[in-house]
> 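Structure in structure tokens, see below.
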Amino acid sequence: MTACHSELLQLKNLGMASVNILRAIGINTYADLKRTGAVEAYRRIRARDINVSKVMLYALQGALMDIHWNDIPPDLKAQLVSEAEMPDQGNFSQATA
């Protein structure tokens with residue numbers, strides 16, 4: 001296991017399968033995930049035809065916030081889903097971490 005794997009695995013909500021998916025879209029560190037944001041990372045995953053549920057979106061945001069994905073407030077979950085489902089406009093807002 002590389003140091004990058006280890007760093008991502010230390011984040012809440014992320015296991016080896018999630019880390020491998022993140023690596024497939026070019027996210028190798030916490031800094032990469034923070035820079036990209038949960039919504040954009042989720043959109044990139046979906047664009048690669050990797051079948052993930054909305055829980056992956058919540059897990060990514062939870063990892064950034066250092067909380068379990070199930071503890072994300074419902075209004076923030078709704079905002080994340082809304083942003084993730086918006087047509088690609090080349091300019092993504094990020095939910096606050």
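Keep in mind that this is a model prediction, so the values were computed, not measured.
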> Write down the atom of Ala84, the atom of Tyr42, and the distance for their closest heavy-atom approach.
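It is CB-CD2, 3.8 Å.
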
> Pairs in or reaching into residues 44-65: which pass salt bridge (Lys or Arg N to Asp or Glu O under 4.0 Å), with residues at least two apart or in two chains?
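Salt bridge (Lys or Arg N to Asp or Glu O under 4.0 Å) check on residues 44-65 returns Glu40-Arg44, Lys54-Glu85.
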
> Are Leu80 and Leu60 close enough that some pair of their side-chain heavy atoms sits under 4.5 Å apart?
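Not touching, per the 4.5 Å side-chain cut-off.
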
> Does the side chain of Leu57 come within less than 4.5 Å of Gln61's, by heavy atoms?
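Gln61 vs Leu57: side chains apart.
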
> Looking only at non-hydrogen atoms, find the nearest pair between Ala38 and Leu64 and report the distance.
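Smallest heavy-atom distance, with atoms named: N-CD1, 3.8 Å.
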
> What is the distance from atom CG of Asn28 to atom CG of Leu22, rounded to the nearest 0.5 Å?
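Asn28 CG to Leu22 CG: 9.0 Å, rounded to 0.5 Å.
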
> If I compare all heavy atoms of Arg43 with all of Pro87, which pair ends up nearest, and what's the gap?
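Reported closest heavy-atom pair: NH2-C, 3.4 Å.
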
> First locate atom NZ of Lys34, then atom CD1 of Ile27, and finally report the distance between them rounded to the nearest 0.5 Å.
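Those atoms lie 14.0 Å apart.
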
> Would you give the length of the straight line joining atom CD1 of Ile50 to atom CD1 of Ile21, rounded to the nearest 0.5 angstrom?
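Ile50 CD1 to Ile21 CD1: 5.5 Å, rounded to 0.5 Å.
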
> Mind checking side-chain contact (heavy atoms from CB on, under 4.5 Å) for Pro73 and listing every partner two or more places apart, or none if nothing turns up?
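Checked Pro73 against side-chain contact (heavy atoms from CB on, under 4.5 Å); matches are Asp75, Leu76.
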
> Any chance you could lay out the side-chain contact (heavy atoms from CB on, under 4.5 Å) test for Tyr58 and Asn70, step after step, and finish with the verdict?
CA-CA 8 Å; Tyr58 307 149; Asn70 210 27; over 6 Å; no

> For the residue pair Ala31 and Glu7, what are the closest heavy atoms and their distance?
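Scanning both residues, the minimum pair turns out to be N-OE2, 4.2 Å.
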
> Do the non-hydrogen side-chain atoms of Leu33 and Leu11 ever get within less than 4.5 Å of each other?
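Of all side-chain heavy-atom pairs linking Leu11 with Leu33, at least one is under 4.5 Å.
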
> Please enumerate all residues that pass side-chain contact (heavy atoms from CB on, under 4.5 Å) together with Asn13, with sequence neighbours excluded.
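Applying side-chain contact (heavy atoms from CB on, under 4.5 Å) to Asn13 gives Ala59, His68, Trp69.
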
